[in-house]
Peer 1: 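Quick one: the structure is below, questions incoming.
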Amino acid sequence: MATCEWVRKHQPLCLIGDSGTGKSHLLIALGTEAAMAGFKVKYTLAAKLVNELVEAADEKVLTKTIARYGRVDLLCLDELGYMELDRRGAELLFQVLTEREETNSIAIASNESFSGWTKTFTEPRLCAAIVDRLTYGGNIIETGTESYRLAQTTRAQAEAAAANTAAG
C-alpha cells in the first residue's frame, strides 16, 4: 500500500476495525506516503466533510465544493460510521463519492463493518450505493478488534501493580 500504486490506479481503500486498532494512524501514514510521492492529498473527518457540504449547499456553492474535493488525488476520510448522518448529509457525501469514482482515490477509516453502515446511512439503498462505490475494485483492510490503547493501559496498570507489590 505504501507504494501508492492503488492511488495511481484510482482505487478506493477501506480500513475497517474497532476503535484503537490503528485505522487513523494507517490512514494518515498512507496519506503522507502519497503526498511524499507527489499526489495531492486531503484528510478530513467524515462529520466535518458532511457539515461543510451542508453549509455549501445552503450557501449555493455546493458544485464548487464538490469539485474541490474531486480534484485531489487522494481523499482520506476518517471516522466514517461514528455518527448517524441524516438523509441530506448522506446524499451530499454520496455526491462527493460519485464525483471521485474511478477518477481519484478515496481512503476511509470506519469502526463499523459494512453491514453496520445502515446505522450511519439510514436509507438502505443509499447505504448500498455508498458501500458499492467504496469497495468496487478497491482494497479492504480489517484492523481487528483489539484496541492498542486498551492493551497499553492494561499493561501499564499491571506493571504499576507489580511495582507496588514489590515495593510494599
Peer 1: With rounding to the nearest 0.5 angstrom, report the CG to CG distance, Leu13 to Leu27.
Peer 2: 7.5 Å
Peer 1: Does the Trp6 side chain pair with the main chain of Gly138, one donor and one acceptor, at a distance under 3.5 Å?
Peer 2: no
Peer 1: Do any N or O atoms from the side chain of Arg87 and from the backbone of Phe121 form a donor-acceptor pair under 3.5 angstrom?
Peer 2: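 Such a contact is absent between Arg87 side chain and Phe121 backbone.
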Peer 1: Would you kindly confirm whether Val72 and Tyr43 end up in one hydrophobic cluster when ILVMFWY residues are joined by side chain heavy atoms under 4.5 Å apart?
Peer 2: no
Peer 1: Show the nearest heavy-atom pair for residues Asp18 and Lys23, with the distance to one decimal.
Peer 2: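 Closest pair (atom of Asp18, atom of Lys23, distance): O-NZ, 2.9 Å.
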Peer 1: With a 3.5 Å distance limit and no angle check, can you tell me whether Ser105 reaches the backbone of Gln11 through a side-chain donor-acceptor pair?
Peer 2: yes
Peer 1: Which atom pair, heavy atoms only, marks the closest approach of Thr122 to Leu85?
Peer 2: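 Distance-wise, the nearest heavy atoms are OG1-O, 4.2 Å.
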Peer 1: Evaluate the side-chain proximity of Glu102 to His10: yes if any heavy-atom separation is below 4.5 Å, no if none is.
Peer 2: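 Of all side-chain heavy-atom pairs linking Glu102 with His10, none is under 4.5 Å.
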Peer 1: Can you list the steps and then say if Leu62 with Gln95 is a side-chain contact (heavy atoms from CB on, under 4.5 Å)?
Peer 2: CA-CA 10 Å; Leu62 181 61; Gln95 287 182 49; 4.0 Å; yes
Peer 1: Hey, could you give me the OG1/CD distance between Thr98 and Glu91, rounded to the nearest 0.5 Å?
Peer 2: 11.0 Å
Peer 1: Please determine whether residues Leu77 and Ile66 belong to a single hydrophobic cluster, defined as Ile, Leu, Val, Met, Phe, Trp and Tyr linked transitively by side-chain heavy-atom distances below 4.5 Å.
Peer 2: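 Same cluster.
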Peer 1: Is there a side-chain contact between Leu97 and Ile106 in this structure, where contact means two heavy atoms from C-beta onward sitting under 4.5 Å apart?
Peer 2: yes
Peer 1: To the nearest 0.5 Å, what is the distance between CD1 on Ile130 and CG on Leu126?
Peer 2: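 Answer rounded to 0.5 Å: 4.0 Å.
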Peer 1: Give the minimum heavy-atom separation between Phe94 and Ala129, together with the two atoms involved.
Peer 2: CE1-CB, 3.6 Å
Peer 1: Please determine whether residues Leu75 and Ile108 belong to a single hydrophobic cluster, defined as Ile, Leu, Val, Met, Phe, Trp and Tyr linked transitively by side-chain heavy-atom distances below 4.5 Å.
Peer 2: yes
Peer 1: Under 4.0 Å between a Lys/Arg side-chain N and an Asp/Glu carboxylate O for Arg88 and Asp58?
Peer 2: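 Judged by the 4.0 Å cut-off on N to carboxylate O distance, Arg88 and Asp58 do form a salt bridge.
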Peer 1: How long is the straight-line distance from CG of Leu26 back to OG1 of Thr143, given to the nearest 0.5 Å?
Peer 2: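 So the OG1 of Thr143 and the CG of Leu26 are separated by 8.0 Å.
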Peer 1: Got a second to check how far Asp86's CG is from Leu92's CG, nearest 0.5 Å?
Peer 2: 8.5 Å
Peer 1: Using a strict 4.0 Å threshold on nitrogen-to-oxygen distance, state whether Lys119 and Glu112 make a salt bridge.
Peer 2: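 Result for this pair is yes, salt bridge flagged.
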Peer 1: Quick check on the hydrophobic clustering: are Leu49 and Ile28 connected, directly or via other members, by side-chain heavy-atom contacts under 4.5 Å?
Peer 2: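 No; tracing contacts between hydrophobic side chains, which count when under 4.5 Å, never links both residues.
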Peer 1: So which heavy atom on Leu30 is nearest to which on Leu74, and how close?
Peer 2: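 So the minimum-distance heavy-atom pair works out to O-CD2, 4.4 Å.
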Peer 1: Pick one: which of Arg100, Glu52, Glu99 meets side-chain hydrogen bond (donor to acceptor under 3.5 Å, both in side chains) with Tyr69?
Peer 2: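 Looking at Arg100, Glu52, Glu99, the match for Tyr69 under the side-chain hydrogen bond (donor to acceptor under 3.5 Å, both in side chains) is Glu52.
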Peer 1: Run the salt bridge (charged side-chain N to carboxylate O under 4.0 Å, His left out) check on Asp78 and Lys48 step by step: do they pass?
Peer 2: CA-CA 10 Å; Asp78 205 355; Lys48 183 178 177 194; over 6 Å; no
Peer 1: Could you grab the distance from atom OG of Ser110 to atom CH2 of Trp117, nearest 0.5 Å is fine?
Peer 2: 5.0 Å
Peer 1: Does any N or O in the side chain of Asp73 come within less than 3.5 Å of the main-chain N or O of Lys40, such that one atom is a donor and the other an acceptor?
Peer 2: yes
Peer 1: Could you walk me through whether Leu134 and Leu80 pass the side-chain contact (heavy atoms from CB on, under 4.5 Å) test, one step at a time?
Peer 2: CA-CA 12 Å; Leu134 289 174; Leu80 186 65; 4.2 Å; yes
Peer 1: Yes or no on side-chain contact (heavy atoms from CB on, under 4.5 Å) for Phe114 and Cys127, after CA distance, side-chain angles and deciding distance?
Peer 2: CA-CA 9 Å; Phe114 296 120; Cys127 180; over 6 Å; no
Peer 1: Going through the checks in order, is the side-chain contact (heavy atoms from CB on, under 4.5 Å) test met by Val41 and Thr32?
Peer 2: CA-CA 8 Å; Val41 179; Thr32 301; over 6 Å; no
Peer 1: What closest approach, in Å, do Met1 and Ile141 show between heavy atoms, and which atom pair accounts for it?
Peer 2: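 Met1 and Ile141 have their closest heavy atoms at CG-CD1, 4.1 Å.
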Peer 1: May I ask you to test the Cys4-Glu33 pair for a side-chain heavy-atom distance under 4.5 Å?
Peer 2: yes
Peer 1: Looking at every non-hydrogen atom in both residues, tell me the closest pair between Asn104 and Gly70 and how far apart they are.
Peer 2: ND2-O, 2.6 Å
